[in-house]
Amino acid sequence: MMEEFEDVDALPAQDLSQCKTCKRWFFPKVLEKHANICQKTATKRRKIFDSSRQRAEGTEISTLKPIKPKLQSSAASQKAEPPKKPSNWRKKHEDFIATIRAAKAATQAVKDGGPLPPPPPPSYDPDYIQCPYCQRRFNENAADRHIKFCQEQAARMPIKNKLGDAKKPPSRTQ
């Protein structure tokens, strides 16, 4: 068996020819066949393989959940991502420390039997959006959905001040 491998190494390197497309070296007989194939593959652009699309085909998933459209290139998908917001971890950390300290103070007051200290002021996440109708706070996606809903609810409900004035009995005069 070793003799076979030795014979391959002994083949003359002078007989090799270079492919014009990929610059690899082949024997002349092989190069004829390779050149046609290499030329075709060099001009074609490969499609991006999407395994989730392939798994969804022929199942109920494709009817229940629409399949994402194919993207042209990976560069296009990177441009589609929104820029990341700066992190506000320091503010969250300080709020967390303040909450822990307030809880320790309340626990100590309960042990000593003294009056409870006032609760810490509420902290709001600056990333949250406040609803103009109910004053509650939501993240961006939830706020978009909620504000539409809350607007419809506010339009349906009668205004309390007008009803309150109308239902008051007339005052008595003596």
Side-chain angles (χ1 to χ4, degrees), residues 21-24 38 40-174:
T21 310
C22 66
K23 309 295 185 206
R24 291 168 52 198
C38 190
K40 287 179 185 175
T41 57
T43 57
K44 290 183 184 176
R45 187 175 173 97
R46 288 185 69 161
K47 295 178 184 175
I48 297 172
F49 181 72
D50 185 5
S51 62
S52 61
R53 177 181 291 279
Q54 186 181 24
R55 285 193 312 268
E57 286 177 4
T59 63
E60 294 177 6
I61 296 172
S62 58
T63 57
L64 297 175
K65 185 178 178 185
I67 299 173
K68 296 176 188 173
K70 292 182 181 179
L71 296 175
Q72 295 297 331
S73 66
S74 59
S77 64
Q78 290 174 354
K79 290 179 184 175
E81 284 186 30
K84 292 186 178 180
K85 294 180 182 175
S87 175
N88 58 349
W89 66 268
R90 191 178 306 274
K91 171 88 170 94
K92 289 179 181 178
H93 177 71
E94 290 170 358
D95 290 344
F96 177 69
I97 297 297
T99 303
I100 297 296
R101 287 186 180 148
K104 283 183 180 179
T107 304
Q108 189 64 34
V110 169
K111 282 184 181 178
D112 296 343
L116 291 176
S123 61
Y124 298 109
D125 191 343
D127 294 336
Y128 285 7
I129 300 168
Q130 187 170 13
C131 174
Y133 302 99
C134 66
Q135 311 309 318
R136 291 167 55 197
R137 296 177 174 270
F138 301 92
N139 68 18
E140 286 183 38
N141 295 336
D144 291 341
R145 293 189 314 262
H146 170 80
I147 291 172
K148 290 176 188 172
F149 170 78
C150 204
Q151 183 180 11
E152 291 174 7
Q153 293 300 316
R156 283 188 202 164
M157 290 185 184
I159 299 172
K160 292 179 181 179
N161 293 341
K162 289 182 179 177
L163 287 179
D165 293 341
K167 289 186 177 180
K168 282 185 182 178
S171 59
R172 290 185 178 176
T173 56
Q174 291 182 346

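Counting from 1, the numbers follow the sequence of the chain as shown.
- A distance of 6.5 Å separates CG of Asp127 from NZ of Lys92, quoted to the nearest 0.5 Å.
- In this structure, OH in Tyr128 is found 12.0 Å from CZ in Arg136, a value given to the nearest 0.5 Å.
- Within the structure, ring pair (Phe, Tyr, Trp, His ring centres under 6.0 Å) contacts touching residues 84-113 (residues at least two apart or in different chains) do not occur.
- Not counting sequence neighbours, the partners of Thr21 by the side-chain hydrogen bond (donor to acceptor under 3.5 Å, both in side chains) test are Gln39.
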Determine all donor-acceptor pairs shorter than 3.5 Å in which one atom belongs to a side chain in residues 99-119; sequence neighbours excluded.
| from | atom 1 | to | atom 2 | distance (Å) |
| --- | --- | --- | --- | --- |
| Thr99 | OG1 | Asp95 | O | 2.8 |
| Thr107 | OG1 | Ala103 | O | 2.8 |
| Gln108 | NE2 | Asp112 | OD1 | 3.3 |
| Gln108 | NE2 | Asp112 | OD2 | 3.4 |

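- Residues passing the side-chain hydrogen bond (donor to acceptor under 3.5 Å, both in side chains) test with Ser51 are Arg55, sequence neighbours excluded.
- Residues passing the side-chain contact (heavy atoms from CB on, under 4.5 Å) test with Arg90 are Glu94, sequence neighbours excluded.
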Using atom types as modelled, flag every donor-acceptor pair under 3.5 Å from a side chain in residues 139-151 to any protein atom, sequence neighbours excluded.
| from | atom 1 | to | atom 2 | distance (Å) |
| --- | --- | --- | --- | --- |
| Asn139 | OD1 | Asn141 | N | 3.4 |
| Asn139 | OD1 | Ala142 | N | 2.9 |
| Glu140 | OE2 | Lys85 | NZ | 2.2 |

